[in-house]
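What follows is one structure encoded as structure tokens, with my remarks underneath.
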Amino acid sequence: MMASDKVVFDKPKVELHVHLDGAIRVQTILDVAKRRGIKLPADTVEEMTQIIILQEPSTLTNFLEKFAAYMHVIAGDREAIKRIAYEFVEDKAKEGVIYVELRYSPHFLANANVDPLPWNQSEGNVTPDDVVRLVNEGLMEGEKAFRIKARSILCCMRHMPRWSKDVVELCKKYRSDGVVAIDLAGDESLNCEANPEHKKAYEEAIRCGIHRTVHAGEVGPASVVREAVDVLKAERIGHGYSTVEDQALYRTLLDNNMHFEMCPVSSKLTGACDPDFTKHPIITFMKDKANYSLNTDDPLIFNSTLHMDYSTVHKHMGFTEEEFKRLNICSAQSCFLPEEEKKELLQSLREAYGMIQDTAF
Ligand SMILES: O=c1[nH]cnc2c1ncn2[C@@H]1O[C@H](CO)[C@@H](O)[C@H]1O
């Protein structure tokens, strides 16, 4: 059904939209469950994988329910939280990613100072603040071991407006410690218009110069994208497939060089787009030379890799090596690193892609 894991672009890549909690190794879930004495419905990687993954195109709501199959194992466990961050960096390095921005909700991994307590956990002592510190530790160790760069984006959740104030405060507190932006994730189909508390958090982010991305136009209409841009002042759009349904908006965003974080394999399985990849809105973005990235989103639940996203657009949408280079340069230009580091990243990509002009004479 899916394109294979065949490596169609074996060059350094940038990934800007991937959920840490949607990118955990199944083996790690099993290990941690065993150590903590948590009973799972399966005890082999193969069986547990079958339980967690989405096999057929579904809905975003069904997809989001999948997290409940394993999040209670990792949440509230210091060692596990640090471990998933470290392993994430290793997995990305193996895929040839040299810079990644990963995202997560600190509240979803906590078991203290979070109301309501997620995943039917009992109260513990790991706060959302502890979660950010643990993830940062895991990422830093991973960066040293695997020699790539990883930065994080903290997610507000659409259905949990009361958490958003904490999220922006955590972005401020850890901005010099690897946290580069705020996001708004969750079910756009149930909760379309951004709640005032999300708006307030984004206003505070703007005031403090915190970068902003928003999940919009994934399964929701183009009006959600418009709101993300006009009200939340998003600098990037997570997904944004439905933008093309509003031509005026689409043209304006193209003119403004808006970055779209596209996730092809995800968009099929969440039901965001037509399962026939030859009708995919990404083709329009590609033909218009739009500013977008290719991303996995939640490789655990889609049973996918970044190679699969690349091979999907290559096989079904006619993406070329040239386009892969161009979109990775666009991704680096739209990443949330400070200017100097962004320049270095762009330089590394251009060198690897043979795009550096020889100025020696
Ligand atoms: O494709 C998506 N659309 C909207 N929300 C998502 C998607 N993937 C994951 N999450 C949500 O973001 C949370 C923090 O990482 C995840 O726990 C999940 O609820």
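As the structure lists them, so they are numbered: ligands from 1, and atoms in each ligand from 1.
- When heavy-atom distances to ligand 1 are checked against a 4.0 Å cut-off, Met71 has no atom that comes that close, whether in backbone or side chain.
- The list of ring-ring contact (aromatic ring centres under 6.0 Å, His included) pairs with a residue in residues 112-131, not counting sequence neighbours, reads Phe108-Trp119.
- The shortest heavy-atom distance from Arg158 to ligand 1 is not under 4.0 Å.
- In the vicinity of Phe108, heavy-atom distances shorter than 4.0 Å reach the ligand 1 atoms 17 (O), 19 (O).
- What sits closest to atom 10 (N) of ligand 1 on the protein, heavy atoms only, is His19 CE1, 3.4 Å.
- Neither the backbone nor the side chain of Glu188 comes within 4.0 Å of ligand 1, counting heavy atoms alone.
- Interface atoms of ligand 1 facing His215, defined by a heavy-atom separation under 4.0 Å, are 2 (C), 3 (N), 4 (C).
- Interatomic distance, Phe260 CZ to Ser293 OG, rounded to the nearest 0.5 Å: 10.5 Å.
- Side chains of Asp183 and His215: a donor-acceptor N/O pair is present below 3.5 angstrom, by distance only.
- When only non-hydrogen protein atoms are considered, atom 5 (N) of ligand 1 lies nearest to Gly186 N, 3.0 Å.
- Val224 is not connected to Phe63 by any chain of hydrophobic side-chain contacts under 4.5 Å among Ile, Leu, Val, Met, Phe, Trp and Tyr, and they are in different clusters.
- Checked for salt-bridge contact, Arg36 and Asp31 miss the test: no charged N lies under 4.0 Å from a carboxylate O.
- Counting the atoms of ligand 1 from 1 in the order shown, those under 4.0 Å from a heavy atom of Ser105 are 14 (C).
- Using modelled atom types, one finds no donor on one side chain facing an acceptor on the other under 3.5 Å when comparing Thr127 with Asp129.
- Residue Leu64 has at least one heavy-atom neighbour below 4.0 Å for each of these atoms of ligand 1: 5 (N), 6 (C), 10 (N), 11 (C), 18 (C), 19 (O).
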Test salt bridge (Lys or Arg N to Asp or Glu O under 4.0 Å) on Glu143 and Arg151 and set out the steps.
CA-CA 10 Å; Glu143 286 188 320; Arg151 294 291 179 269; 2.9 Å; yes
Could you go through Phe146 and Phe88, starting from their C-alpha distance and side-chain angles, then the distance that decides it, and tell me whether this counts as ring-ring contact (aromatic ring centres under 6.0 Å, His included)?
CA-CA 11 Å; Phe146 308 109; Phe88 174 87; over 10 Å; no
Applying ring-ring contact (aromatic ring centres under 6.0 Å, His included) to Phe9 and His314, what does each step give before you reach the verdict?
CA-CA 9 Å; Phe9 186 60; His314 173 71; over 10 Å; no
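- Within ligand 1, the atoms closer than 4.0 Å to a non-hydrogen atom of Ala185 are 5 (N), 12 (O), numbered from 1 in the order shown.
- Grouped with Val180 in one hydrophobic cluster are Ile153, Phe336, the linkage being side-chain heavy-atom contacts under 4.5 Å among Ile, Leu, Val, Met, Phe, Trp and Tyr residues.
- Against a heavy-atom cut-off of under 4.0 Å, Phe67 is close to the following atoms of ligand 1: 9 (C), 16 (C), 17 (O), 18 (C).
- For atom 17 (O) of ligand 1, the closest non-hydrogen atom on the protein side is Asp21 OD2, 2.5 Å.
- Taking every non-hydrogen atom of Asp297 and a distance limit under 4.0 Å, the qualifying atoms of ligand 1 come out as 1 (O), 2 (C), 8 (N).
- At a 4.0 Å heavy-atom cut-off, ligand 1 touches Leu60 through the side chain alone.
- Between His17 and His19, the distance separating the two ring centers is shorter than 6.0 angstrom.
- Using 4.0 Å as the threshold, Thr270 has no heavy atom nearer than that to any atom of ligand 1.
- For ligand 1, the atoms sitting less than 4.0 Å from at least one non-hydrogen atom of Asp298 are 7 (C), 8 (N), 9 (C), numbered in the order shown with element in parentheses.
- Neither the backbone nor the side chain of Leu20 comes within 4.0 Å of ligand 1, counting heavy atoms alone.
- Of the protein's non-hydrogen atoms, Glu218 OE1, 2.7 Å is the one closest to atom 3 (N) of ligand 1.
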